[in-house]
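Everything quoted here is computed from the prediction, not taken from an experiment. Every chain is numbered from 1, with letters handed out A, B, ... down the list of sequences.
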Amino acid sequence: MIDLKLLQKEFDHVSAQLQRKGVTAETMSVIKEKNEALKKAKASFEAAQADQNAMSKLFGVYKREGKDIAELKAKVDANKVIVSERQEAQRQAEEALTSLIMAVPNIPDANVPDGAGEEENVEIKKVLTPKTFSYTPKEHWELAETTGWIDFERGVKIAKSRFSVAFDMGARLERALINFMLDFNRERGFMEVSVPQLVNRKALEGTGQLPKFEEDLYVTTDGMYLIPTAEVPLTNLYQDEIIPEKELPIKMTGYTSCFRKEAGAAGRDTRGIIRQHQFHKVELVTISKPDESDAIFEEMVSCASDLLTALELPHRLVTLCTGDLGFSAAYTVDLEVWLPGQNTYREISSVSNTRDFQARRAKIRSKIEKKNTLLHTLNGSSLAVGRTIVAIMENNQNEDGTVNIPEVLKPYLGL
RNA sequence: GGACAGCUGGCCGAGUGGUCGAAGGCGCACGCCUGGAACGCGUGUGUGGGGCAACCCACCUAGGGUUCGAAUCCCUAGCUGUCCA
């Protein structure tokens, strides 16, 4: 959620920054209007209420002094009508504003490049050089068949499209990767946490998936939601808390399944396991003091990048432009892994600093220098498991359709 | 699934209709004491919003209700605990 006080104080600046993320000038001025209307409605309601409170207090005095309360009661009764009218006006004004601002994305950092979409993301650097093949490298779904690691048809049979089944070494590789990633992250100072994979609405509002992206979430019959990422439960662990300063930063890593309807992705990546309704991911989440978040962001990017390097996977780092930046992020670096079969780099991790955007929604604070201060929340994948398997398959493939296991994973596979 | 009990500030805990935003304690901050500390003593210390300020409003799990007035009474929901099935 954006800071309404900041908006009020520096409307032109905030408005301009948000317009970079596609919020219209019109929406901004409506928000400004609604905010002012709410303040007026609130002041008028509170004034009536102050009258009410003052008169109510007199009852105690009158009673003690044995005075007649009939006249006072008539006055209070008349005021009560005014109070309830103004209360309703305030409630409506509040609702109008809230529904607007909950759907406003975070303000992008000043150094985020402008751009319409992923084509305009800016490369930071490449890590490791892709190896050259003496033949045309196969795509992972072809290798899925020769290795027998992934079965797409049976996934569809028992669920529907965009579900798959991992068999034998495919399944073992998944488990090995999860353990390897968790251990790697833990050695970098991230505490391992195991969280629920169903959460309530409030949690999703806290991290920004709701109310705007309801159509991409699976919901259960009793109103719980399947998590689209471990970022949701991990970040919301500290919802509505005032965290002692000495406990900061809180650096966590967790493995969960993730569930996404992929509502807006019809026709994209329909083959293979790049875009599934259910996938495994190891996530990093940090809650930090505001002045530490930039340094921690770099740590998180390095963690994910070094993980890819340890797996011997060539990749590159890109800064997302305004058009590709997510709803809650102020700044995001994507890690894209080289897929020789597709002859391109594909996203395998996304590390974001949301600054105080989620903290404001979720009320995550700490008392810093005697003042309750909204903290910064950061999240990043380290890494998406399915896509890592894709990358391993395509980068480590042999001409006969077999795939070599990366050295670092062998201990995890008993090899 | 049924019965009962509870849910109060960073934490613990008192408070059963009228200066209660809430005693007391812990914790924390500052000061005194000390060579330095601990102990002890003193002072301060909830959150959010509005206002230049005085000050005002809201918040005792949440949402409703009764009342001039609710932490306190009533209803509903959630959660926690205990017992029963």
With rounding to the nearest 0.5 angstrom, report the OG1 to CD1 distance, A/Thr377 to A/Ile287.
7.0 Å

With respect to the side chain of [X], which nucleotide from [options] is positioned closest?
X       : options             : answer
A/Gln52 : B/C56, B/G49, B/C68 : B/C68
A/Lys39 : B/G48, B/G69, B/G50 : B/G50
A/Ser56 : B/U47, B/C57, B/G18 : B/G18
A/Asn53 : B/G50, B/A58, B/G69 : B/A58
A/Gln49 : B/G48, B/C56, B/A58 : B/A58

Can you check whether A/Ser288's main-chain N or O pairs, donor with acceptor, with A/Thr286's side chain at less than 3.5 Å?
no

Without swapping roles, check the side chain of A/Asn396 against the backbone of A/Val403 for a donor-acceptor pair under 3.5 Å.
no

[atom1] atoms of [N] and [M], separation to the nearest Å:
N     : M     : atom1 : result
B/C33 : B/G69 : C1'   : 49 Å
B/G13 : B/C20 : C1'   : 16 Å
B/G10 : B/A85 : P     : 42 Å
B/G51 : B/G36 : C1'   : 48 Å
B/G24 : B/C57 : C1'   : 29 Å

Starting at the 5' end of RNA chain B, which residue's closest nucleotide do you reach first, A/Ala43 or A/Ala54?
A/Ala43

Select from A/Asp51 and A/Arg365 the residue whose nearest nucleotide in RNA chain B is closer to the 5' end of that strand.
A/Arg365

Determine the minimum heavy-atom distance between A/Gly254 and A/Ala230, stating which atoms define it.
O-CB, 4.5 Å

Shortest non-hydrogen contact from A/His315 to A/Val337?
CB-CA, 3.9 Å

Can you see if the side chain of A/Lys42 gets near the phosphate of B/C56 - specifically, an N or O under 4.0 Å from OP1 or OP2?
no

B/A62 phosphate, OP1 or OP2: any side-chain N/O from A/Lys202 under 4.0 angstrom?
no

Under 4.0 Å, heavy atom to any atom of RNA chain B: which of residues 73-95 of chain A qualify?
A/Lys73, A/Val76, A/Asp77, A/Lys80

Considering residues, nucleotides and ligands other than A/Glu123, do more than 12 of their heavy atoms fall under 6.0 Å from its CD?
yes

Within the supplied structure, the quantity of interest is the number of heavy atoms (other residues, nucleotides, ligands) at a distance under 6.0 Å from A/Arg154 CZ; does it exceed 12?
no

Checking all strands, does A/Ala50 fall into the base, sugar-phosphate, or nothing category for heavy-atom contacts under 4.0 angstrom?
sugar-phosphate

